> 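Could you have a look at this structure, given as C-alpha cells, before my questions?
Lettering of chains follows the sequences in order, A, B, ..., and the numbering in each one begins at 1. Since the model is a prediction, treat every value here as computed from it, not as a measurement.
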2 protein chains.
Amino acid sequence: MTDIGKKKATIYDLSMLSGASPSTVSAVLNGSWRKRRIKEATAQLIQKLANEHGYTANLQARGLRSSRSGLVGLLLPVHDNRYFSSMAQSFEAQVRSRGQCPLVVSACRDPEEERKVVETLISYSIDELFIAGATDPDGVHKVCEKAGLKHVNIDLPGTLAPSIISDNHEGARMLTQAIIERAQEDGPLSPDDLYLFGGRNDHASHERIRGFRDVKRALLGADPDVCIQPTGYSPAMTARAFEAFYEGHGKLPRAFFVNSSINLEGLMRFLALHPHETFADIIVGCYDYDPFGSFLPFPVFMIRQDSEAMITKGFAILDADRGPAITHLVRPTLVPPRTALIGPLDALKDIE
Amino acid sequence: MTDIGKKKATIYDLSMLSGASPSTVSAVLNGSWRKRRIKEATAQLIQKLANEHGYTANLQARGLRSSRSGLVGLLLPVHDNRYFSSMAQSFEAQVRSRGQCPLVVSACRDPEEERKVVETLISYSIDELFIAGATDPDGVHKVCEKAGLKHVNIDLPGTLAPSIISDNHEGARMLTQAIIERAQEDGPLSPDDLYLFGGRNDHASHERIRGFRDVKRALLGADPDVCIQPTGYSPAMTARAFEAFYEGHGKLPRAFFVNSSINLEGLMRFLALHPHETFADIIVGCYDYDPFGSFLPFPVFMIRQDSEAMITKGFAILDADRGPAITHLVRPTLVPPRTALIGPLDALKDIE
DNA sequence: AGTCATTGCACCATCGATTGTGCAAAAAAG
DNA sequence: CTTTTTTGCACAATCGATGGTGCAATGACT
C-alpha cells in the first residue's frame with residue numbers, strides 16, 4: 001500500500017525491487033515456486049514485497065498465457081425471480097469457494113441472445129459454463145463445443161451435454177396430489193375444477209404437465225384438454241388466461257397448478273383487478289418456491305427446487321470430465337402453504 | 001464455421017489466409033480500418049474470412065493490450081432478493097446495450113468480502129464499477145481509487161465517490177403516512193400501535209427511520225423509542241423481534257413499517273408459527289416492492305425503488321467523468337396493497 | 001520527367017503473465 | 001581434488017491483440 005495512486009505493480013516491478021527475475025517472481029506469486037526449486041528465503045522476500053505493494057496478478061494476462069481464466073459462467077434466463085436468483089446465490093458461493101470467479105449473465109430466454117452471450121463469455125476464455133433454463137440448450141452446446149468449453153445444462157435438459165434437472169414429473173405429481181387432497185377437504189372435486197396454467201413447449205413444462213395429468217386422471221378420473229392452459233412464461237400472458245377463464249365462468253377454477261413463480265405473478269395481476277370474493281376459496285399449487293408466495297390469502301402449495309444441489313452436482317460432473325450426455329434428476333420438495341424456508345441469505349453474517 | 005472443433009481462429013490465422021498482416025486484420029476486425037487507410041476490398045475479404053471461420057476476438061488479449069476490458073461490474077449485497085435481482089436485470093440490459101459485458105457479483109454484506117471481490121474484479125481490468133448496497137462504500141472506494149477504477153455508489157452512499165440513492169427519507173414519509181391513514185380507518189391509532197422493524201446502522205436505515213419518526217410524530221404526536229426495532233438485515237433476527245413483541249403483548253402492533261423485503265421475510269417466519277387470528281388486522285408498510293408481498297392477507301403498502309433510474313443515472317455520472325462525490329436522490333414510489341407492477345420481465349419476448 | 005502528396009499496408013514493440021530450458025554455483029559422492 | 005548430482009535461478013518464447021512508425025507504390029502536379 002506504499003504506492004497509492006500509482007499504476008498497479010507487476011511482476012516486473014517486483015523483479016526490480018527484489019533483484020530476482022520476473023519468472024522467479026511469477027513462480028513465487030502463483031504458488032509454483034516449490035516445483036521450481038526457489039529458495040524459501042527468496043520466496044519470502046518476494047511475498048513480503050508483494051504485500052507491501054499490494055500486488056495482485058493481472059488475470060487477463062494470466063488467462064491469455066495459460067488459456068484458463070478462472071471464470072465460471074452461469075447463463076440464466078432472467079435474474080428477477082427467486083428461483084434463478086437463489087440459484088445465482090448458491091452458484092456464486094460455490095464458485096468462490098473453489099477459488100474461481102463467478103460470472104452470472106442472463107439471456108432473456110432468447111435463443112439468439114443465448115448464443116451471443118455465450119460467444120462473449122467464450123471470448124473471455126471462461127473455463128466452465130452452467131447453462132440454466134436455456135431455451136435452446138443444444139444450440140448453446142454447439143457454440144461451447146466449438147470452443148472446447150466444458151458445460152452442463154441445469155433446469156432444462158439438452159441432448160448433447162450432461163443435464164441436471166429437477167425431477168419435474170415427480171414434483172408435479174406431489175404438487176398435484178397435494179392440491180387435490182386439499183381441495184377435496186372442501187367438498188368433492190370434479191375434473192374441470194382443476195386447471196393448469198403456464199409453461200410452454202419445453203421439457204420441464206412437458207414433464208410437469210404429464211405429472212399433473214397422471215395424478216389428476218388417477219384421482220379424479222379424467223382430465224379434459226381444456227384444463228391445460230400453456231400460456232408461456234410471461235406474467236402478462238398468464239394474467240390473460242386467468243382473465244379469459246374468469247370471463248367464461250365468473251370465477252376462477254377451484255384449484256389450479258401454476259407452472260412457475262413467473263406465471264404466478266400473472267395470477268397477481270389478475271387478482272389486482274378483482275375483488276377478494278373472486279378467489280375466496282381457491283387452492284393453488286405453484287411449481288417454484290417464493291417465501292411471499294407461500295403466504296398469499298389462499299392456500300398455496302409450492303415446490304422448492306434444490307438449485308444448490310443441482311449446482312453441486314454440476315461441478316461434480318464437470319470435474320469428472322467427459323461425462324456422457326445423460327440427464328440427472330434432482331428431487332424437489334413439496335412446501336405446504338404458509339411456510340418460510342430458510343435460504344442462502346441465512347448464511348450471511350449479520351452481526352449487530 | 002468451416003473448422004468445427006479446432007481451436008479458435010486468431011488474427012494470425014486470418015492473416016495467413018488473407019495474405020494481409022496481422023495488424024491489418026486486427027484493424028479490420030476492430031473497426032479502426034478506415035483510420036488506418038485499409039482498402040475497402042481488403043477489409044471485405046478479411047471480414048468474409050472472419051465470418052467463415054467464426055472468428056471472435058480474444059477479449060483477454062485485447063484487454064491486456066488496451067487495458068480496457070469491456071467489463072462493467074455490479075457489486076451486490078445479495079442476489080436472492082427482488083430489489084437487487086431486478087437491479088441486476090436492468091443493469092445487464094443497460095450494459096449490454098452499450099456493447100459491454102455485465103459482471104454481477106455479490107459480497108454478502110461483508111466489508112472484507114466486498115474489498116476482496118472488488119480486488120478480483122480489478123484484476124480482470126473491469127472498466128467501471130457500480131457499488132450497490134455496500135456495507136463499507138468508502139473502503140471499496142479506496143480499493144478502486146488505487147487502481148484508477150471509475151465507480152459510483154448505488155443505494156447506500158459513500159463520502160468519497162458520487163452516490164445515487166433512493167430518497168429514503170421521502171419514501172419513508174410516504175410509506176408511514178400511508179399506513180397511518182389506512183390504520184386510522186379502523187379506529188384511532190395511538191403512538192405505540194405503530195412500530196418499525198429492521199434496518200441497521202447504515203445511511204438508508206437512518207433516513208428511513210428519520211422519515212418514519214417525522215411523520216409519526218406529526219400525525220400521532222409522539223414516537224416512543226421502543227417503537228423502533230432495528231434488527232439488522234437478517235430474516236432470522238427480524239422474526240425474533242416479532243416473536244419478542246408477540247410474547248410481550250399477545251399480538252403484533254396494529255401497524256408497522258418494515259425496513260426491507262428481507263426483513264419482511266422475517267415476518268413470514270413469524271407468521272408461519274402463528275394462527276391467522278394473530279395478524280387478522282395488521283397494516284404493514286414495507287420499504288421494498290415484491291409482487292407477492294403486495295398480496296399478503298393483510299394490507300401491505302410497499303415502496304418501489306427505481307433501480308432502473310439509478311443505474312441510468314450511474315452511467316450518466318460515469319460518462320461525465322470526474323463527478324464530485326455528491327449524493328443524488330432518486331424518488332421512489334408508493335405502491336398500494338394488492339398491486340402487481342410490471343417489471344423487467346415484461347421486456348422479454350415470449351411468443352407462443 | 002521530376003517532385004510531392006497520398007494511399008495501403010507491413011513491421012515491431014508492447015500489455016503482464018507462464019513455462020520449458022539451460023547453466024552456474026553449491027553440495028554430495030567417489 | 002575431481003566428478004556427479006542437486007539446488008537455485010535467469011533467459012526467452014509465447015498467449016492474441018493494438019497502435020505507432022516507416023516505407024513502397026501510386027497518383028497529382030509543375
Side-chain angles (χ1 to χ4, degrees), chain A residues 6-46 50 53-71 120 122-127 147-148, chain B residues 6-46 50 53-71 120 122-127 147-148:
Chain A
K6 283 182 200 146
K7 290 289 109 191
K8 296 209 53 162
T10 70
I11 53 169
Y12 298 96
D13 301 331
L14 296 179
S15 159
M16 299 262 55
L17 289 165
S18 65
S21 77
S23 59
T24 299
V25 174
S26 169
V28 168
L29 295 172
N30 70 26
S32 69
W33 58 281
R34 290 193 180 283
K35 286 168 193 81
R36 287 188 147 259
R37 300 182 320 221
I38 306 295
K39 218 197 309 178
E40 182 101 27
T42 310
Q44 290 189 349
L45 169 65
I46 292 176
H53 293 265
Y55 170 86
T56 50
N58 180 320
L59 299 179
Q60 298 209 73
R62 172 179 295 171
L64 175 57
R65 183 57 241 257
S66 57
S67 70
R68 307 197 64 255
S69 62
L71 295 168
T120 306
I122 289 174
S123 299
Y124 286 106
S125 309
I126 63 169
D127 298 334
Chain B
K6 284 182 200 149
K7 290 288 108 191
K8 294 208 57 160
T10 71
I11 53 169
Y12 298 96
D13 301 331
L14 296 178
S15 160
M16 299 262 55
L17 289 165
S18 66
S21 77
S23 61
T24 299
V25 174
S26 168
V28 168
L29 295 174
N30 70 27
S32 69
W33 57 280
R34 292 195 177 282
K35 286 168 195 79
R36 287 189 144 255
R37 300 184 318 220
I38 305 296
K39 218 197 309 178
E40 182 99 28
T42 311
Q44 290 188 350
L45 168 64
I46 292 175
H53 293 265
Y55 171 85
T56 51
N58 180 321
L59 298 178
Q60 297 209 73
R62 173 179 293 171
L64 175 57
R65 183 60 239 256
S66 57
S67 69
R68 306 195 67 256
S69 62
L71 296 168
T120 306
I122 289 173
S123 300
Y124 286 106
S125 309
I126 63 169
D127 298 334

> Could you tell me whether the side chain of B/Tyr124 reaches within less than 4.5 Å of the side chain of A/Leu71, counting heavy atoms only?
yes
> Hey, does the side-chain of B/Ser67 have a donor or acceptor N/O within less than 3.5 Å of a partner on the base of C/dC15?
no
> Taking the minimum atom-to-atom distance to the side chain of A/Ser26, which one of C/dT21, C/dT18, D/dG16 wins?
C/dT18
> Counting side-chain heavy atoms from CB outward, which of C/dA17, D/dA10, C/dC9 is closest to A/Tyr55?
C/dA17
> Would you tell me if any nitrogen or oxygen in the side chain of B/Thr10 comes within less than 4.0 Å of OP1 or OP2 on D/dG16?
no
> Of A/Gly19 and A/Tyr12, whose nearest nucleotide on DNA chain D comes first from the 5' end?
A/Gly19
> When you measure from the side-chain N and O atoms of B/Asn58 to the phosphate of D/dC15, is any distance below 4.0 Å, counting only OP1 and OP2?
no
> Per the atom types in the model, does the base of C/dC11 pair as donor or acceptor with the side chain of B/Ser23 at under 3.5 Å?
yes
> Tell me which of B/Thr42 and B/Ala61 sits closer to the 5' end of DNA chain C, going by the nucleotide each one is nearest to.
B/Thr42
> What is the separation between atom CD1 on A/Ile122 and atom P on D/dG16, rounded to the nearest whole Å?
15 Å
> Side-chain N or O of B/Asn30 less than 4.0 angstrom from OP1 or OP2 on D/dA17?
no
> Counting any heavy atom closer than 4.0 Å, what does B/Ser32 reach on the DNA or RNA strands: base, sugar-phosphate only, or nothing?
nothing
> Just compare C/dT18, D/dG8, C/dC9 and give me whichever is closest to any side-chain atom of A/Arg37.
D/dG8
> Of the candidate nucleotides D/dT21, D/dC9, D/dT18, which contains the atom at the shortest distance from the side chain of B/Ile11?
D/dT18
> Please give, in whole Å, the distance from D/dT18 P to B/Leu64 CG?
11 Å
> Can you identify which nucleotide, out of D/dC15, D/dT18, C/dC9, has its nearest atom closest to the A/Arg65 side chain?
D/dC15
> Decide yes or no for B/Glu40 and B/Trp33: does some side-chain heavy atom of the first lie under 4.5 Å from some side-chain heavy atom of the second?
yes
> Rounded to whole angstrom units, what separation is found between the CE atom of A/Met16 and the P atom of D/dA10?
11 Å
> For B/Ala20, answer base if it contacts any base atom (sugar-phosphate contacts may also be present), sugar-phosphate if it contacts only those atoms, and nothing otherwise; contact means non-hydrogen atoms under 4.0 Å.
sugar-phosphate
> Can you check the B/Leu29 CG to D/dG19 P distance for me, whole Å?
13 Å
> Closer than 4.0 Å, any side-chain N/O of B/Thr24 to the OP1 or OP2 of C/dC9?
no
